Visitor: 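Below is one structure. I have some questions about it.
Every heavy atom of this structure was used, including side-chain atoms; hydrogens, water molecules and symmetry mates were not. Predicted model only: the values in this text are computed from it and were never measured. Chain A is the first sequence line, chain B the second, and so forth, proteins listed ahead of strands; every chain is numbered from 1.
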Protein chains: 2
Amino acid sequence: MEMRRDIFQAIADPTRRAIIALVAAQAMTPGAIAAEFSSSRQTISRHIQILTECQLLRQDQKGREIHYHLNPNQFKEIADFIEPFRQLWDDRFNKLEALMNNPTNP
Amino acid sequence: MEMRRDIFQAIADPTRRAIIALVAAQAMTPGAIAAEFSSSRQTISRHIQILTECQLLRQDQKGREIHYHLNPNQFKEIADFIEPFRQLWDDRFNKLEALMNNPTNP
DNA sequence: TATATTTGCAGTCAAATAGCTGCACTATGG
DNA sequence: CCATAGTGCAGCTATTTGACTGCAAATATA
């Protein structure tokens with residue numbers, strides 16, 4: 001029944017990206033997260049569940065509260081996807097890369 | 001009727017990511033792209049249309065053939081999303097950043 | 001001009017998704 | 001022990017999505 005989630009599908013939803021941005025700043029409880037949105041608490045809870053399945057979020061139980069915090073490692077899969085194209089648009093990256101390949105030269 | 005497409009939704013589909021990877025190597029016609037997949041030509045054509053709506057692909061009409069090629073600029077939106085988290089996992093990036101902040105000239 | 005090739009568009013259908021409400025479970029405090 | 005607060009899960013519905021088939025438009029070739 002439950003389709004295998006991948007991280008690209010997880011970040012496809014704008015609400016979930018907003019949740020990620022919120023939690024990135026500080027760990028938050030589901031209630032506090034839901035308070036930031038107009039959707040119902042249960043709906044936000046479902047989004048949190050999806051993000052947790054992809055390990056984008058991690059739980060931190062404290063008494064009856066659960067604090068969710070970001071797991072930045074999972075973003076590597078997205079980074080790996082766009083990395084091959086990065087040099088085609090990111091001048092800053094090109095400068096960094098030049099320094100990396102030629103660290104001692106002018 | 002037609003929902004506004006965003007780029008995150010565009011790359012959520014694995015077939016579309018595969019199309020992107022194909023076209024990144026070289027510009028291709030819809031027919032040639034479809035030949036790489038088991039889905040029908042029309043289904044692939046629909047995916048190409050979605051990618052083009054998001055400007056991830058660009059058309060290049062040559063007679064009755066249309067060559068699609070990648071528009072890497074659009075990946076910036078994805079990069080901007082994950083960039084804030086990059087330093088938290090990417091050691092290589094940290095090294096590059098260090099070089100950038102402390103260039104070769106003493 | 002007639003024909004074949006390349007492509008896009010409309011229509012249909014099954015499956016997945018995101019939203020809601022209601023209920024059950026756990027932990028804290030009196 | 002009981003009430004309350006914080007969460008998760010089940011079930012329902014409307015919307016969206018991805019796949020297919022069929023057809024039309026445009027271009028190249030005989």
Side-chain angles (χ1 to χ4, degrees), chain A residues 1-23 26-71 78 81, chain B residues 1-23 26-71:
Chain A
M1 216 57 153
E2 194 67 30
M3 187 77 185
R4 153 135 178 68
R5 300 268 176 199
D6 78 12
I7 195 174
F8 291 97
Q9 198 173 3
I11 64 164
D13 186 274
T15 301
R16 286 197 284 268
R17 289 200 301 279
I19 292 175
I20 289 173
L22 268 179
V23 176
Q26 55 181 330
M28 293 175 75
T29 65
I33 297 171
E36 301 286 329
F37 298 92
S38 55
S39 300
S40 75
R41 182 191 60 76
Q42 289 89 338
T43 295
I44 299 298
S45 174
R46 173 76 179 135
H47 283 305
I48 294 174
Q49 181 187 338
I50 290 170
L51 291 170
T52 306
E53 280 174 14
C54 299
Q55 315 217 352
L56 275 164
L57 299 188
R58 289 237 166 108
Q59 302 185 357
D60 208 2
Q61 185 104 27
K62 295 211 171 124
R64 68 181 163 189
E65 291 185 347
I66 301 177
H67 293 261
Y68 285 89
H69 61 94
L70 201 66
N71 174 24
I78 306 170
F81 173 66
Chain B
M1 218 58 155
E2 193 68 30
M3 188 76 185
R4 151 136 179 65
R5 298 271 175 197
D6 78 10
I7 194 175
F8 292 96
Q9 200 173 3
I11 64 164
D13 186 272
T15 302
R16 287 198 284 269
R17 289 200 299 279
I19 292 175
I20 288 172
L22 268 178
V23 175
Q26 56 181 330
M28 293 176 74
T29 65
I33 296 171
E36 301 286 330
F37 297 91
S38 55
S39 300
S40 73
R41 182 192 61 76
Q42 289 89 336
T43 294
I44 299 299
S45 175
R46 174 75 180 135
H47 283 305
I48 294 174
Q49 180 188 336
I50 290 170
L51 291 170
T52 306
E53 281 174 14
C54 299
Q55 315 219 351
L56 276 164
L57 300 188
R58 289 237 165 107
Q59 303 185 356
D60 207 3
Q61 185 103 28
K62 297 212 170 122
R64 71 181 159 186
E65 291 184 347
I66 301 178
H67 293 260
Y68 285 88
H69 60 94
L70 201 67
N71 174 24

Visitor: Between atom CD in A/Glu53 and atom P in C/dA18, what is the gap in whole Å?
Guide: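 Rounded to whole Å, this separation is 12 Å.
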Visitor: Looking at A/Ser45, I'd like to know whether one of its side-chain N or O atoms comes within less than 4.0 Å of OP1 or OP2 on D/dG8.
Guide: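 True: A/Ser45 side-chain N/O within range (under 4.0 Å) of D/dG8 OP1/OP2.
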Visitor: Reading nucleotides 19-25 of chain C 5' to 3', which nucleotides get B (base under 4.0 Å from a protein heavy atom), which S (sugar-phosphate only), which -?
Guide: SBBB---
Visitor: Are A/Thr52 and A/Gln59 side-chain neighbours, meaning at least one heavy-atom pair lies under 4.5 Å?
Guide: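 Of all side-chain heavy-atom pairs linking A/Gln59 with A/Thr52, at least one is under 4.5 Å.
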Visitor: Calculate the interatomic distance between B/Ile48 atom CD1 and D/dA19 atom P; express it in whole Å.
Guide: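 Checked: the CD1 to P distance equals 13 Å.
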Visitor: Nearest heavy atom decides the nucleotide; on that basis, is B/Gln49 or A/Lys62 closer to the 5' end of DNA chain C?
Guide: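 It is B/Gln49 whose nearest nucleotide is closer to the 5' end.
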Visitor: For A/Tyr68 and D/dG8, is the shortest distance between a side-chain N/O and OP1 or OP2 below 4.0 Å?
Guide: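 Answer yes for this pair, as a side-chain N or O of A/Tyr68 is under 4.0 Å from OP1 or OP2.
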Visitor: To the nearest Å, how far apart are A/Gln59 CD and D/dT7 P?
Guide: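 These atoms are roughly 11 Å apart.
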Visitor: Please give, in whole Å, the distance from C/dA27 C1' to A/His67 NE2?
Guide: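 Distance, rounded to whole Å: 13 Å.
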Visitor: Which residues pass the side-chain contact (heavy atoms from CB on, under 4.5 Å) test with B/Thr15, not counting sequence neighbours?
Guide: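 Listed in chain order: B/Asp13, B/Ile19, B/Phe37, B/Ile44, B/His47.
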Visitor: Which residues pass the ring-ring contact (aromatic ring centres under 6.0 Å, His included) test with A/Phe8, sequence neighbours left out?
Guide: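 Only A/Phe81 meet the ring-ring contact (aromatic ring centres under 6.0 Å, His included) criterion with A/Phe8.
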Visitor: What I'd like to find out is whether the side chain of B/Leu56 reaches to under 4.5 Å of the side chain of B/Asn71, using heavy atoms alone.
Guide: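 Answer no - side chains too far apart.
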Visitor: A/Ile19 has an atom CD1; how far is it from atom P of C/dA18, in whole Å?
Guide: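 So the two atoms are 11 Å apart, to the nearest Å.
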Visitor: So what does B/Phe37 hit on the nucleic acid, given a heavy-atom distance under 4.0 Å: a base, only sugar-phosphate, or nothing?
Guide: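 Here B/Phe37 touches no strand at all.
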Visitor: Calculate the interatomic distance between B/Gln9 atom CD and D/dT15 atom P; express it in whole Å.
Guide: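 After rounding, the gap between these two atoms is 17 Å.
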Visitor: Is A/Arg58 reaching over with its side chain to a backbone N or O of A/His67, donor-acceptor style, under 3.5 angstrom?
Guide: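 Looks like no, no N/O pair under 3.5 Å.
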Visitor: Please report, rounded to the nearest Å, how far the P atom of D/dG18 is from the CD1 atom of B/Ile50.
Guide: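 In whole Å, D/dG18 P and B/Ile50 CD1 are 6 Å from each other.
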Visitor: Rounded to whole Å, how long is the line connecting atom CZ of A/Arg64 with atom P of C/dA27?
Guide: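 Taking atom P of C/dA27 as the reference, CZ of A/Arg64 is at 11 Å.
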